[in-house]
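By convention here, the first residue in the shown sequence is residue 1. On a predicted model such as this, the values are computed, not experimentally measured, just so you know.
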Amino acid sequence: MRKIEKWIWLDGEKYPNAQTTVFHPFAFSAEETALRGNYTVAEFTRTYRFQKRVKGARLRFAGDTEFDLWLNGSLLATGPVCVGGDFLFNYTPRDQFYATEMTVEPGSDTLCFYARVKMMPVLINEYSKGHGGFMLTAHITFADDTVAIVTTDNTWMARRNGQYTAPFHFDGTVTPDAYAPAWEIPNIWHPETAPIPVRTEETLYPQGGDEIRIAARSKKTVRLEYDRVYGAFLKASAETSGLLVATVECFELEKINSREELILSGDTEYRGLQMHSVGGYIVSVENCSDEEAVLHIGCIATCYPAPECAVIETGDKALNYVLELCKQALKYCRQTIHLDSPKHCEPLACTGDYYIESLMTAFSFGDMRLAAFDVRRTAEMLCRNDGRMFHTAYSLIWVRMLYDVYMFTGDRTLLTDCADGLWFLLHRFEGYMGNNGLVEHPTDYMFVDWLVVDGYTLHHPPKNLGQSCLNMFYYGALTAAEKVYDVLGMDAMATQCRQKAVQLKSAINRLLYSVEKGLYCEGLTTPTPQAELNASLPQSNGKLYYRKHANILAACFGVCDTARARTILHRVMTDEALGDCQPYFMHFLLEAVNRNGLRDTYMLQLAERWKQAAATCPKGLGEGFVCPENYTFDLSHAWGGTPLYAIPKALLGFEMIEPGFRRIRLSPSLLGLPSATVEMLTPYGKIVCRQEAGKAPKVDVPDGIIVDHKFHKTT
């Protein structure tokens, strides 16, 4: 579709203080952001009436910073598609911006557009170009196959809706301004087309109904519960002869995590502009009228479309429930980017989360387009920021995500598109190497895990608690990069990565492994030079630590041979002196167990941890098992859902041999369960594996997939 773009906004003479905004909420303090952000909600409308029926229209649209787009009274899309972003470099606008394309078939002679656009980033996954704006282009095909093109311009009408007084505040007593012609403004966005479909949404009501009845001139507080935790926007309306003043507090299980303040009249329909993590509401409402009033409260749950989901069902009901919670969390973390959770709404900085979510997706929803787009957007950040990301270890995990998403999709262009980002990342790490062959001079060693050890947080640990993990992740990145370059036919680069990996592996085993203990330490005790210390890299205490994390990664990434890996994993599973790890790091433990042939020994034992968590919190998926002091875990965190990947993979004994499911290996096992049915969505159709204790597995594989197998194939 040709890019014919005209951007519009509010009249700059009438609204001089509603034109520009901050680029990101972290660009300034919260107070400065509120002051300089010029929080504004604008509305745009235009009706086109033609002399013949519109057969179809191809639309392309975008807005800054958040918008809803409606056509002929029905919601078309919300947006914009997030640019991605990091916790770094937010003082200037992101270079990239994205538009959405979609086809509609209105079947009438009228196109009536309405858009509501919020200017000012509020959540940390929101980015602005620094100016309010909206754009739409429609390529129209009529019933007689003639065509026309319409665009946003000064024939569109615009107004400020002052009812949206501030983020999370709505005052229905304010009358929106009168509509006036929109201003055409310079195009500072130049958006690329996002390669993903629009989000879907569903209105959900609390258990027991959405009505709250309030007697005349009285106040009332009620608690409304949902069955699960959802990523959602607040929905409210009133039946009253006067005003209802309400505070809606959102919780996941118990603790309040966000709130909105509303003043509603009888003719007001409210749809929130910011996402919440909703397990329920506590609603405090005052009826300011002389008659009984009714407040209706619900939520609009939104997510990346998931029309199909693979069935995973075992003979263990508690395990099945865990998998359902994992799927629920993943579903609502899939928005226009993967989120860590609908509560935090973090940007693409958290690659560790999104790598796990991409693997979970491969074994559940099957649509890898969002994961591939995340990989490309991260590559864009790496290119523009000289290979730097806020979480140093996560930047290395991106390389594995790049290769694994390629293997699931078979899309070689993903590798070519990301080759520059890969080079910048690897080039940066060359500068972190010490004379001893290890990564010695990074900007930091984060992220390891959500744990505190001797007063140090493993979010940003000192050298002696983070160095080994960072080196293990670097080794994993080098081996994955070698595979990427092999596919691209870049033999010299592949050789270079292989040689560096061999040298790094040697240094790790020479300097970080203790023959006496049979374990890898978490890092050397040599002090970090004073000039390298920063807020994310504290000085170490000189103590030598032997814990689970480095040892899990050594077994996971093949830093040691299988015999040593198995010995280490037995220690990890039995030695309490090695400490604990949270759900995120359990991903690598489950992977190590599967990689080293221990799935029948430990897979179900490890799943017990999630069963205990599900019994404690039956409606959401926790960010961690044990919460550190001065931090509150959310209960909608998809990185904790790694069993949705690890369990079906182990039950199938699945291995991708050739990309895009052209050739796979299957070696089913019940892992000790009485029965299991596992589906896996592929471009060729569903793989279905049915197992029952004492019987040979029955596996159906679609035509087009070559299978190396160890089972009774039914078709």
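The closest side-chain heavy-atom distance from Y270 to L234 is below 4.5 Å. Residues V375 and C418 meet the side-chain proximity criterion, which asks for heavy atoms closer than 4.5 Å. Proximity of D64 to P80: side-chain heavy atoms (C-beta onward) are nowhere separated by under 4.5 Å.
The existence of a salt bridge linking R400 and E591 is excluded, since no basic side-chain nitrogen approaches an acidic carboxylate oxygen closer than 4.0 Å. Salt-bridge annotation for D227 and K619: absent, with no side-chain N of the basic residue lying under 4.0 Å from a carboxylate O of the acidic one. A salt bridge does not link E43 to R116: none of the charged side-chain nitrogens sits closer than 4.0 Å to a carboxylate oxygen. For the pair R271 and E201, the salt-bridge criterion is met [side-chain N within less than 4.0 Å of a carboxylate O]. Under the 4.0 Å criterion applied to side-chain N and carboxylate O atoms, R376 and E380 are not assigned as salt-bridge partners. A salt bridge links R60 to E5: one of the charged nitrogens lies within less than 4.0 Å of a carboxylate oxygen. D340 has no carboxylate O lying under 4.0 Å from a charged side-chain N of R334, or vice versa, which leaves the two without a salt bridge.
When ring centroids are compared, F585 and F447 stay outside the 6.0 Å threshold. Under the 6.0 Å cut-off for aromatic ring centres, F633 and Y631 qualify, their centroids lying closer than that. Checked against the 6.0 Å centroid threshold, W156 and F44 do not count as a close aromatic pair. For an aromatic pair to be called close, the ring centres must be under 6.0 Å apart, and Y394 with F390 fails this. Annotation: W639 is not in aromatic contact with H587 [ring centroid separation under 6.0 Å not met]. Aromatic rings of H391 and H460 (six-membered ring for Trp) have centroids beyond the 6.0 Å cut-off, not under it.
Cation-pi contact between R228 and Y226: absent, since separation from the ring centre below 6.0 Å together with deviation from the ring axis within 45° is not met.
Between the side chain of T193 and the backbone N or O of Y98 there is no donor-acceptor pair closer than 3.5 Å. Counting only distance, with no hydrogens or angles, the side chain of Q582 and the backbone of W450 share a donor-acceptor pair below 3.5 Å.
Taking NZ of K343 as the reference point, atom CG of D634 lies at 5.5 Å (rounded to 0.5 Å). Between the CG atom in D386 and the CG atom in L425 there is a gap of 10.5 Å [rounded to 0.5 Å]. Distance NE2/H276 to SG/C250: 4.5 Å, rounded to 0.5 Å. To the nearest 0.5 Å, atoms SG (C350) and CG (N125) are separated by 11.0 Å.
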For F429 and Y474: C-alpha separation, side-chain torsions, deciding distance, then whether ring pair (Phe, Tyr, Trp, His ring centres under 6.0 Å) applies.
CA-CA 8 Å; F429 267 80; Y474 185 34; 5.2 Å; yes
Would you please test F588 and F473 for ring pair (Phe, Tyr, Trp, His ring centres under 6.0 Å) and show each step?
CA-CA 11 Å; F588 301 105; F473 280 125; 5.5 Å; yes
